Protein chains: 2
Amino acid sequence: MTTNITLDEVARAAGVSVSTASRVISGAVRVAPNKREAVLQAVRDLGYRTNLIARGLASGRSMSVGILTQDISSPYYGEVLRGIEEGLEGSGYSPLFVSGHWRVEEEASALDTLLGRPVDAMIILGGHTPDERLIQIAERLPLMAVGRNIRGLEDTCLRVDNVQGACSVVQHLLELGHHRIAYIGGPTSHRDASDRLQGYRQALEDAGLDFDEGLVIEGDFMEASGLLAVESLLLRGTSFTAIMAANDQMAYGARLGLFRRGIRVPEDMSLVGFDDLPNSTFTTPPLTTVRQPTYEMGLAAAQAMLKMLAREPVEAQHFHAELKIRESTARLGRTMRGRRSVRV
Amino acid sequence: MTTNITLDEVARAAGVSVSTASRVISGAVRVAPNKREAVLQAVRDLGYRTNLIARGLASGRSMSVGILTQDISSPYYGEVLRGIEEGLEGSGYSPLFVSGHWRVEEEASALDTLLGRPVDAMIILGGHTPDERLIQIAERLPLMAVGRNIRGLEDTCLRVDNVQGACSVVQHLLELGHHRIAYIGGPTSHRDASDRLQGYRQALEDAGLDFDEGLVIEGDFMEASGLLAVESLLLRGTSFTAIMAANDQMAYGARLGLFRRGIRVPEDMSLVGFDDLPNSTFTTPPLTTVRQPTYEMGLAAAQAMLKMLAREPVEAQHFHAELKIRESTARLGRTMRGRRSVRV
DNA sequence: TTGTAGGCGTTATCAC
DNA sequence: GTGATAACGCCTACAA
C-alpha cells in the first residue's frame, strides 16, 4: 500500500479547493497567478504526484498505449519498440508492452490484458491474431499495425514491400553473375516469409531462370535453422554459389555453417540476409542485406497513433526496403582460383 | 472513449448485486453456486472485462510492476526482460517497461512515471540513479535490482561477480600461453566496467605479470568502439596476442577490426568477450565469452518481487558468471607458422 | 476565476 | 451468503 499525497492534501496546504488544485495540475484552464503559485509550492513541498490510476478512472483515459509485440528480446522488433518509445516521448502516454510469442492464444490473452487495463490505443507488431479481431478492436480505439496488413485497415498498417525487397536481392546476385541461388525461407505461415519467397521466385522468373525446388529450404527465422539449412543444402549435393536467407538471423546461422565447412564468404559463397539487424554491420564480413526502416516505422506508428488520439486524420504511409550492399556478396568467378567446391 | 460493460450491468443481468458479482469475479470468497453461475453466464454474454484501472483505484493495487531498463532494444537487457516477463506470467501482474538510456535525468523521469501510475513494485536494471533514491523508493514498495548493488539493500540486488568473471577470462588466456593480453574496457563510470577491469588487473597480478597501460583502451560498450579500439591498439605498435573485451558487443567490433586487417581469429589473435549475448554462439568463429545468467536473473527478480508483494521474506541470491570457451581463443603458437604479425 | 458536488468502476465494510 | 453504501483520487459540469 502506497499511501501517497493526494490532491486533497495539496489543496488544503495551498488554501484552495481541490478543483483549483486540479486545474493547476492539469494545466489548461486559467487560474489566478497567486493561487497557482501556492498550489505549485504545495506540490513541491509535499512531493505530490498525480495518481494516473485515479485520473484514468475519472477522465476515462488511462494515458497508456498497448504495444503487442512478439518477443520483447527480439532484435528485429527491438528497433520498432525503440521507435515507438521515442515517438511517445513527451506525449504523456506510456507504452505498455506485452508479448505474444507468435502464438495465437498468447496474443489473445495479451490483447485481453491490454483491453482490460484499459489502454487508450494500441500498436500491433506482427503476429497471427486474426484480422477480424483487430478490426473489432480498432472500432473501439485507435489502432496501428506494423509489419502486417489488415484488410480494410490499410491506412493504419505500416509495412514495407517484402516482395520488392527480395527481388532486389536476387537482382543484385544476378548482376554479380550468380545463377544458382539457394534460398533459406521462413515459416510459410508467416506473411513476410511468403512475400519474400514470392519475391525470390518472381525475380528469377523475370530473369528467365527456372525455379528449382532443390535450392529452397524452409527455416524458422532463427539462427539455428540457418545453420541446419546450410547443412541440408550441402548434403543435397546441388550446386549453388550464393545463399539468400529470408532474414538476418538465419543468415548468421548460415554464415556459421559455411565457416564450419571451410567455405569462405564471399570468396566461395555469397550470402545475403534480410532485415539489417544492428549486428549485421559488425558480422565478419558485414552482411549484405535488406534494410527495413524499423525504427522509423515504430516512430511513425507512435506518431500516427497520437494523431488518431487527437482525432486527427491519418493517411497511409509507405516505407521502402533498401538493399544494403556490404561485404558478404562478391562477383562470381572473381576469386575462382581460390574457390573450393561447395559440393560435399 | 471506450464504453465498456461494467460490473453493474453484469450484476443486473445476473439478477444479483454488484457486490456479489464482484465477489464472483475476484474469486476468493464463497458465493452460492447458482448465483455464481448466473454471474459467469452474464459475463460471457456481455463480454465483460474487469476494468483494472477502477480495480486499482478501489483496491489500492494497480497489479502492475515497473521495470526500469536502460534500452528497450538492448540485447543484454533483452534477456533479462524476457526472464521478468516469464516470471510474471500468470501472476496477474503486468510489466510496465520504461527506459532510462543510462542518463540520470531520464531515469529519474522514468521512475516518476512509474511512481505516478502507480506501480505496485519495481525492478531496476542497471542505470545511474543514486542509491539514495532507490532506497527511498524501496521504503514505499517492493524493489529488486538486477546488475547493480545498492548499499543497504544487498539482499534485493541480483548480480554476478564481474571481477571473478574477468579473472577467469585472463586465466584461460594465460593457460593458452598468452601473456600480452590487450583489454578493451567499458566506460569507467560504469560499475560493471570497473569491476571487469579490476578482474583483469588482479588476474595478471596473481600470475606475476605487470599491468601495462599500453594494452588497455577504453570503449563505450558499443560495437563501434571495439572496432576503433583495435585500430588504436594496432597503431600503438605494442604487441599482443589476445584481446579481451569488456563485453560482447565491443568484441564484435574488435572482431571486425581484426578482419579488416586480415588478422585471423583465433589463429593470429585470440578474442574474448563478456555477456554471452544470444548472437555470440553464431559469430564466426563463435565467441569465447563469459556467460551471465541474465534470463535466470530476470526470472529470479520477478519471482522475488512477487514474494515481496506477498509479504514473504526474500533472501540474497548469488549468480555465477561462467566462462564459455568457444572457438575464438586458441593456444598461442599452435598455428605460429601461419601467423602474421599483429604489428602494423 | 473559484468552489461544490456528483460520478468514473471497483472493492471493502458493514449490517442483515 | 448477500446487499447497500462508503471509499479510492481525480475530473468536470454546474453554480456562484
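Here is how names work: the chains are called A, B, and so on, in the same order as the sequence lines, proteins then strands, and each is numbered from 1. Bear in mind the structure is a predicted one, so any value in this text is a computation, not a measurement.
Atom CD1 in A:Ile137 sits 6.5 Å away from atom CG in A:Leu143 (nearest 0.5 Å).
Taking 4.0 Å as the cut-off between side-chain N and carboxylate O, A:Glu154 and A:Arg159 do not count as a salt-bridged pair.
The side chain of B:Arg30 lies closest to D:dG1 when the candidates are C:dT2, C:dG9, D:dG1. Of all nucleotides listed (D:dG3, D:dG9, C:dG3), C:dG3 comes nearest to the side chain of A:Ser17. The side chain of A:Ala54 approaches D:dG9 more closely than any other nucleotide in the set C:dT1, D:dG9, D:dG3. Nearest nucleotide to the B:Leu57 side chain, out of C:dT13, D:dG1, D:dG9: D:dG9. Distances from the side chain of A:Ser59 to the nucleotides C:dG3, D:dC11, D:dT2 place D:dC11 closest. In the set C:dG3, C:dT10, C:dT1, the nucleotide with an atom closest to the side chain of B:Tyr48 is C:dT10.
Residue B:Ser19 is in base contact, counting any heavy-atom pair closer than 4.0 Å across all strands shown. Heavy atoms of A:Thr6 sit under 4.0 angstrom from primed sugar atoms or phosphate atoms, though from no base atom.
D:dG9 atom P lies 15 Å from atom CZ of A:Arg49, rounded to whole Å. We find that CD1 of A:Ile25 is positioned 9 Å from P of D:dC10, with the value rounded to whole Å. Rounded to an integer number of Å, the gap from CG of A:Leu52 to P of D:dC8 is 19 Å. Whole-Å rounding puts the A:Met63 CE to D:dG9 C1' distance at 17 Å. A:Arg61 has its CZ atom 16 Å from the P atom of D:dC10, to the nearest Å. Atom CD1 of A:Ile5 is separated from atom P of D:dC8 by 15 Å (rounded to the nearest Å). Atom CG of B:Leu7 and atom P of D:dT5 are 18 Å apart (whole Å). Note: CG (B:Asp8) to P (D:dA6) measures 16 Å, nearest angstrom.
Residues B:Met122 and B:Leu111 form a side-chain contact, since some pair of their non-hydrogen atoms from C-beta on lies under 4.5 Å apart.
In this model, no side-chain donor or acceptor of B:Arg36 finds a partner on the base of D:dG1 within 3.5 Å. Side-chain to base pairing of A:Arg23 with C:dG3: one donor and one acceptor N or O lie within less than 3.5 Å of each other.
An OP1 or OP2 oxygen of D:dC11 is reached within less than 4.0 angstrom by a side-chain nitrogen or oxygen of A:Ser22. Applying the 4.0 Å criterion to OP1 and OP2 of C:dT11, one finds that B:Ser26 has a side-chain N or O inside that range. Remark: B:Arg55 is in phosphate contact with C:dT11, judged by side-chain N or O atoms under 4.0 Å from OP1 or OP2.
With hydrogens and angles ignored, the 3.5 Å screen pairs no side-chain donor or acceptor of A:Thr20 with any backbone N or O of A:Val16. Without hydrogens or angle criteria, B:Glu107 side chain to B:Thr129 main chain gives a donor-acceptor distance under 3.5 Å.
A donor-acceptor pair shorter than 3.5 Å cannot be found between the side chains of B:Ser99 and B:Gln70.
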